[in-house]
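As a basis for the values below, the full set of heavy atoms in this structure was taken, side chains included, without hydrogen atoms, waters or symmetry mates. It should be emphasised that the depicted structure is a prediction, and the values quoted were computed from it without experimental measurement. Numbering of ligands and ligand atoms starts at 1, following listing order.
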Amino acid sequence: MKKTSTRLADGRELIYYDQRDDAVRDAVDRRPLDPTVTTSEVRRDPLLGDSIAVASHRQGRTYHPPADECPLCPSQGDRLSEIPDSSYDVVVFENRFPSLAGDSGRCEVVCFTSDHDASFADLTEEQARLVLDAWTDRTSELSHLPSVEQVFCFENRGAEIGVTLGHPHGQIYAYPFTTPRTALMLRSVAAHKEATGGENLFDAVLERELAGERVVLEGEHWVAFVPYAAHWPYEVHLYPKRRVPDLLALDEDARTEFPKVYLELLRRFDRIFGEGEPPTPYIAAWHQAPFGALEEFESVNRDDFALHLELFTIRRTSGKLKFLAGSESGMNVFINDVPPESAAQRLREAASS
Ligand SMILES: [Zn+2]
């Protein structure tokens, strides 16, 4: 992999990740962009103890690409996009309209391929591996920023999830705090460690799931299962079998096997609801150990966390979405209409032949 960092016309960083080590990336952003001015503020809810990012941007938006021009496709002639070069493998750049910025963290966009009409599931194993390497590198780089405590790589796929750009891409949020879901997991891990005299909760969960009926897919180094208490109609958790705290700690064997396992999972997701259905909308979310101090979690350290990916769809049946209504939005109590065992069965049936 070759990495080339450059700056866009408004000062934002853009990084090319190339499969070829001799790739040359010297194209210049020729758009007349004003420097980005971003104000983003993190407010803590005193009752719930969670944090809200309030983003009010005052940007001089002098440059508006025509609506039919995808800003994530490579630039071609006079069609100038966010990517100055006329081709790319994987590219990452700072979001022009970030939810988190400055002292409040950083938001980045990851373009998985220059092919506008592809989806992640269409990538080759080599391309998916390059995305994994880009995620890993971004995690490392962002973790070194003084304001950053946690790095979250994710993909929202599908208009039903609010994705406005069809081009295959994901995002990375670098938060200035440990997120509430991660904090909950760390508290559970700490409580379990104390109650059992040192057992790791992630290991215990993985052992139970591996022996159960909800395994969807198992490789030599990765296992995917529908969790016992899945929140969403179709939800799969993908873990490396050897517990590591983050993407940086994955060994070469796990990195090599990841593309095959993950691409198969995504392809099965597209088949859940049968042939002829529009592509399944999904959210794919990497959970990594935070980089900040963990004092508040007492006996827990970074190595107690288990890197994993949570993949779920908000579609519950053909043409119907699962809405976060009263119980979910009002009280954080999920009602799941699809038994996890049935979901796992369906996801095994959808295997590639
Ligand atoms: Zn595009």
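Between Cys70 atom SG and Cys73 atom SG, the angle centred on the Zn ion (ligand 1) amounts to 120° (nearest 10°).
Remark: Arg255 does not engage Asp251 in a salt bridge, criterion side-chain N to carboxylate O under 4.0 Å.
Taking the Zn ion (ligand 1) as reference, the nearest N/O/S atom within His167 carries the name ND1. Minimum-distance N/O/S atom of His116 relative to the Zn ion (ligand 1): ND1.
Looking only at side-chain heavy atoms (C-beta outward), Tyr16 and Leu14 come within less than 4.5 Å of each other.
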Anything under 3.5 Å between a donor and an acceptor, one on a side chain of residues 176-187, the other on a protein residue two or more places apart or in another chain? List them.
residue: Thr178; atom: OG1; partner: Glu149; partner atom: OE1; Å: 3.0
residue: Thr179; atom: OG1; partner: Gln150; partner atom: OE1; Å: 3.1
residue: Thr179; atom: OG1; partner: Gln150; partner atom: NE2; Å: 3.3
residue: Thr179; atom: OG1; partner: Thr182; partner atom: OG1; Å: 2.9
residue: Arg181; atom: NH2; partner: Glu310; partner atom: OE1; Å: 2.8
residue: Thr182; atom: OG1; partner: Gln150; partner atom: NE2; Å: 2.8

Run the side-chain donor-acceptor check on residues 319-328: report pairs under 3.5 Å with partners two or more places apart or on a different chain.
residue: Lys322; atom: NZ; partner: Glu328; partner atom: OE2; Å: 2.7
residue: Lys322; atom: NZ; partner: Ile335; partner atom: O; Å: 2.5
residue: Ser327; atom: OG; partner: Val333; partner atom: O; Å: 2.9
residue: Glu328; atom: OE1; partner: Ala325; partner atom: N; Å: 3.3
residue: Glu328; atom: OE2; partner: Ile335; partner atom: N; Å: 3.0

